[in-house]
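Below, all heavy atoms of this structure are taken into account, side chains as well, without hydrogens, waters or symmetry copies. Whatever order the structure lists them in is the order used to number ligands and atoms, beginning at 1.
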Amino acid sequence: MKTMNKIVIKVGTSSLIQGNALPSNRYLSELAQQIVQLQNQGLQPILVSSGAVATGRAILKLSTDSRSSPLKQTLASIGQVKIMQVWSELFASFGFQVGQLLLTKENFSAHNDQLLRETLDCLLQHRIIPIINENDTAATHETGVGDNDNLAALVAKSIGADTLILLTDQEGLYTADPRHNPEAKLISHIPQINAKIYTFAADSTGSIGTGGMATKIKAAKIASRSKTQTIIASSRYPNVLLALLAGKPIGTLISEESNTHMNVKNQRGIN
Ligand code: GLU
């Protein structure tokens, strides 16, 4: 059975805002509560939180496309403060401090990766909850990772996480986009990512955040190469993190590469 110790949890924009304009306090509170429970059970959770650009857009009451420079940078700078304020207050209400890391591709270079790993380790040793986002205000096309699924996978690789959890507005990876195809079936386990898996993921994109299933599968591939298993699961599943910790077979599990020979049943245990 896979032991869960260091866990990177990524939550996307559409999950954070839950159909509203601003992040849902209630949803963030539920998530913070679960993360605190993981901490209290001796695990080391690291949160990758999107939502900065969408939050900035809501604060400025913009409805136009905000993906071009410098508006995206502007919205991220406004929204990041707000979303961190919410996270910080919520975790403080459970007795925990948070530490913010705004990263770009450069933080994962051979030269800088060790500093990132040691900083995250230091935060975890002090029982601080690290909260990570891309540094959208400073990142350029060249220096940006581009999406937080990949960012979360790079973080998981850097710190040697056992598990990467990608929370999203779908139940997991389906054989087709379930929003358009009623025949689509949920894939509960992917022992190894192959061309067919990329095809299943290709047509499924989220409506608000940057990522869709394609970026999640790419992220899972990065993670699997560094012995991290990935679980894509619904952010709406009640107490999803605790359910996963208890070994509930929800979402899509993507095994790390070295374990592809193990049987599916054994793969789902993460306690
Ligand atoms: N970093 C972006 C934000 O916080 C989101 C990127 C993504 O959706 O992957 O708004």
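Considering Lys216, Lys218, Lys221 as possible partners of Asp149, the one that fulfils the salt bridge (charged side-chain N to carboxylate O under 4.0 Å, His left out) test is Lys216. Between Leu38 and the options Ile7, Ile129, Leu244, a side-chain contact (heavy atoms from CB on, under 4.5 Å) holds for only Ile7. When each of His189, Lys227, Gln192 is paired with Ser255, the side-chain hydrogen bond (donor to acceptor under 3.5 Å, both in side chains) condition holds for His189 and for no other. When Leu102, Leu103, Asn107, Val145 are each tested for a side-chain contact (heavy atoms from CB on, under 4.5 Å) with Asn135, only one passes: Leu102.
Checked by distance only, ligand 1 and Ala54 stay at 3.5 Å or farther apart across all their nitrogen or oxygen atoms. Residue Gly146 has no N or O atom closer than 3.5 Å to an N or O atom of ligand 1. Taking distance alone, with nitrogen or oxygen atoms compared against 3.5 Å, Asp149 stays at or beyond that limit from ligand 1.
A salt bridge links Asp121 with Lys6: at least one charged nitrogen is closer than 4.0 Å to a carboxylate oxygen.
Atoms of ligand 1 lying under 4.0 Å from at least one heavy atom of Val53, given by number and element, are 3 (C), 10 (O). Atoms of ligand 1 lying under 4.0 Å from any heavy atom of Gly51, numbered from 1 in the order shown and given with element: 3 (C), 4 (O), 10 (O).
Between the side chains of Thr163 and Gln229, at least one donor-acceptor pair of N or O atoms lies under 3.5 Å.
Selection from Asn148, Thr13, Ile132, Ile83 by nearest heavy atom to atom 9 (O) of ligand 1 gives Asn148. Taking each of Ala52, Ala219, Gly212 in turn, the one with a heavy atom nearest to atom 3 (C) of ligand 1 proves to be Ala52.
Residue contact annotation: Gly12 has no non-hydrogen atom under 4.0 Å from ligand 1.
Heavy atoms of Asp147 found under 4.0 angstrom from ligand 1 belong to the backbone as well as the side chain. Contacts between Asp136 and ligand 1, counted as non-hydrogen atom pairs separated by less than 4.0 Å, involve the side chain only.
Side-chain contact between Asn133 and Ile83 is absent, with no heavy atoms from C-beta onward closer than 4.5 Å.
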